[in-house]
Structure formats: structure tokens, C-alpha cells
Amino acid sequence: MPHDLHSSEADEGLALLIDKLCRTRSLSLGEYERLIAQRTPGTARELASRADAVRRQVYGTKVFTRGLIEVSSFCKNDCLYCGIRRSNATARRYRLSADEIVKCADTGYDLGFRTFVLQGGEDTFFTDDVLCGIIGRIRAAHPDCAVTLSFGERSRKSYERLHEAGAERYLLRHEAASPALYRRWHPPEMSLENRMRCLSDLREIGYAVGAGFMVGAPFQTAADLACDLRFIERFQPEMCGIGPFIPQKDTPFGDRPAGTAEQTVYLLSLLRLMQPKLLLPATTALGTILPDGRERGLAAGANVVMPNLSPLSVRKKYALYDGKLCTGEEAAQCIGCLSRRVQSVGANIVIDRGDVKS
Ligand code: SAH
């Protein structure tokens, strides 16, 4: 079609880059930036189908689940995008007891979960002793399960103790690999340097590590996202969690536009092609921004879902952003709904720890 000439020429340029990515699993910063900045519906479709094929080659039709237990909405940090930042005086704070956390894991086990992710704000109540006790109880009750932690930045010593207590995985999104952008999203007392120190400590100690970033958050450009992809390419985490930024109205970014599902899904596909074995969740944020966002993510390279196992009474209080999905449903309902969604894209939730393929 003559009127399509320009766009199809551009698409061809991108198609060559996609070929190169599939062959070499690596692009230059500038090439990543072009792929991101010049996204068209055509290239997105092409990328998604290639990423879907790669996911199927590596993981077949299996989709792994992780049961998310949101243990505390107290946080000493003040990240500008996050609804549970310490400066948010309207945030409702709660903290689960050790018994409540263990009970969530027990319920999750009966529902078929073999991995539990304990996540929370940086709540000083959760000292190493407290966390080691909880990890030990879950591991003793369910030795066939993996315990994953996501409690932000801690000392190397602390990560070591938690690992010895039986935590095998740690999720710590790097948030933004571009130093200038990282500074705009965080208060002066936080630094990208320390975030990176944590990630390398976790790796050295022997954790399976999950990095990750938000998509479409304030001030973020295609060049910034290219930095994120290059970081992932170099660091080679076991998992990479990405989701659209969604504003929370009582934060400094509360009136900013949300990121889009299209850009998030596109980045999921790029990540799958860069690192075929990567564990890639179709996140709750993606499902929040678009009703079938998680299905689209799963059809474009994602292979993990993380349903919420937190008690109903606290779900609404873990409000990182507004409009969060599944705050009114029991865990069992969530897993039923999610199983149907996963099946709708020709995949199946499996009862498995869901380790990264070696
Ligand atoms: N305290 C832990 C857990 C943070 S919450 C830590 O520091 O790692 C988990 C993730 O939610 C964050 O890493 C961030 O990427 C994401 N998040 C926070 N606020 C968000 C928002 N407004 N929109 C989308 N994602 C958000």
C-alpha cells in the first residue's frame, strides 16, 4: 500500500533489529531505544508472537504461580510513586502477625501454591530474628515450597541470615537503571548505588534474584527504558518484574498519567527474547490497567502469575497504587479466576515451585 510505505519501511528497520535480538540476545543502548521509541502495533504483534514461541520452547504450556503475602504497609522509605511511602499520612497501616503469615501460607498450600512471596514496606518491626522465625516455620510446615522475600534494602549480613534461615529467592526491583531517573523517583537518602549493592549481595549469597522496573512512570523516556534492558541483559536476574506505573492520589506523582498496557506487554516480549529462560510475571498492575492485561502479557512472553494470599481484611490497605485488582476476593476465588484467564491463552497453572529452568 503506497500510503503505508513510510510506516512499513520503519517496521522493516525494526524487524531487522528484532532478528538481531533473537540471534544475539543483545543490542546496543541505541538499538534498544529505537525498538522502544518506534513501537508500532505491527512490530508489537511480531514481537509478541516470537516471544510466545520462545516461552513455549522453554516452558511449554506451564505457567508458574507465586502466592503473594503482603505482610506490612508500614514503610520507612519515601519513594515518590508509592502509596505506602512514609509521608502519606492518609495511608492505612497494618502489620500481619507471624501466625497470620504462616496461616496464609497454609491456606496457599492447600490451594496448590508451592512458592510464597512475603512482601512489605521497609517496616523496622521485621528484624532478622522476626523474619528468620517466620521463614523457619513456613519451611518446616512446607518443606517442598520455596520462600521468597521482598522487603527492600537490607544489609549484606541481614540477607545472609535470611538465606541461612531458608529464604531462597529475593525480589528487589532495581526500579530505574538510569541514575538521573532513579534520583527523580526517590528521596535524597536513597541511592541507585545502594540498590545495586543489594542486588549484587543477593546474587553472591546465592539467592535467585528478581529485579525489575516500572513502565511509563513520570519523566521516563525510551532511553531510560533502554538502560533498564541493558541492565537486565548484563545482570541476568532469574526473574524480572515489570508493570505499568499507576498513580496513587496521595503521592507526589498522584496526578501523573499511568503507563500503558501496550508498552508493558511490548517490554515483556523484548525481555523474553533477550533472556529465554527468564521468569516473567504478568503483574497485578498490568491487570489493573487493562482488564485482560495479564492474559495479553502471558500471550506475549510472560510465564508467571502472582495471586494475592493476603487476608481480605488488609488487602485494600496495601495500596501501592489506586484501583488495585482483587482486593475484594478470597484467595481461592482469585486462583479460580486466574486459572481460567491462563487457560484462555492456551496455558496452564501448574502445582510447582517454579524454579528458573537451568
Ligand atoms: N519495599 C519493597 C517492596 C516494594 S512494593 C521493595 O522496596 O522492594 C513492590 C513494587 O511495587 C515496587 O518495587 C515498585 O516497582 C512497585 N510500585 C510501587 N508503587 C507503584 C505504583 N504507583 N505503580 C506501579 N507500581 C508501583
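Sequence positions, counted from 1, serve as the residue numbers for this chain. Keep in mind the model is a prediction, meaning the values are calculated, not measured. Counting starts at 1 for both ligands and their atoms, in listed order.
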**Asked** Considering only the protein, which heavy-atom contact is closest to atom 22 (N) of ligand 1, and what is its distance?
**Response** I246 O, 2.7 Å

**Fill in**
of all protein heavy atoms, closest to atom 9 (C) of ligand 1 is Q119 NE2, 3.6 Å

**Prompt:** Nearest protein heavy atom to atom 4 (C) of ligand 1: under 4.0 Å?
**Reply:** no

**Complete:** atom 6 (C) of ligand 1 sits nearest the protein heavy atom G152 CA, 3.5 Å

**Item:** Residue and atom name of the nearest protein heavy atom (relative to atom 19 (N) of ligand 1), distance in Å to one decimal
**Value:** Y81 CD1, 3.4 Å

**Asked** Where's the contact between Q248 and ligand 1, heavy-atom distance under 4.0 Å: side chain, backbone, both or neither?
**Response** neither

**Request:** Identify the protein heavy atom lying closest to atom 8 (O) of ligand 1, giving its residue, its atom name and the separation to 0.1 Å.
**Result:** R195 NH2, 3.3 Å

**Prompt:** Taking the six-membered ring of F219, is the NZ or CZ of R256 close enough (under 6.0 Å from the centre) and on axis enough (within 45°)?
**Reply:** yes

**Request:** Classify the contact between E153 and ligand 1 as side chain, backbone, both or neither, using a heavy-atom distance cut-off of under 4.0 Å.
**Result:** neither

**Asked** Is any NZ, NE, NH1 or NH2 atom of the basic residue among E31 and K20 found under 4.0 Å from an Asp or Glu carboxylate oxygen of the other?
**Response** yes

**Message:** Aromatic contact between Y170 and Y159, with the criterion being ring centroids under 6.0 Å apart: yes or no?
**Reply:** yes

**Fill in**
If you scan protein heavy atoms around atom 16 (C) of ligand 1, the nearest is R173 NH1, 3.7 Å

**Prompt:** What part of M190, side chain, backbone, both or neither, has a heavy atom within less than 4.0 angstrom of ligand 1?
**Reply:** neither

**Request:** With R169 as the cation and Y207 as the aromatic partner, state whether NZ or CZ is under 6.0 Å from the six-membered ring centre and within 45° of the axis.
**Result:** no

**Complete:** The protein heavy atom nearest to atom 25 (N) of ligand 1 is M214 SD, 3.5 Å

**Item:** Carboxylate-amine/guanidinium contact E70 K324, below 4.0 Å
**Value:** yes

**Request:** Please confirm whether the backbone N or O of L312 pairs with a side-chain atom of E330, one donor and one acceptor, at under 3.5 Å?
**Result:** no

**S97 and D99: CA distance, side-chain angles, deciding distance, side-chain hydrogen bond (donor to acceptor under 3.5 Å, both in side chains) verdict** = CA-CA 5 Å; S97 68; D99 285 349; 5.3 Å; no

**Asked** Charged N to carboxylate O below 4.0 Å: is that the case for E175 and R184?
**Response** no

**Message:** Both conditions, 6.0 Å and 45 degrees, for the charged tip of R66 above the ring of F113: are they met here?
**Reply:** no

**Request:** Examine the proximity of ligand 1 to A217 and report which part, side chain or backbone, both or neither, has a heavy atom under 4.0 Å away.
**Result:** neither

**Prompt:** Do other residues, nucleotides or ligands put more than 12 heavy atoms under 6.0 Å from R93 CZ?
**Reply:** yes

**Fill in**
For L172, the atoms of ligand 1 under 4.0 Å from one of its heavy atoms are 8 (O)

**Prompt:** Judged by non-hydrogen atoms, does P244 sit under 4.0 Å from ligand 1?
**Reply:** yes

**Message:** Give the atom numbers and elements of ligand 1 that come within less than 4.0 Å of a heavy atom of C82.
**Reply:** 19 (N)

**Prompt:** Which residue supplies the protein heavy atom nearest to atom 2 (C) of ligand 1, what is that atom called, and how far is it?
**Reply:** G120 O, 3.5 Å

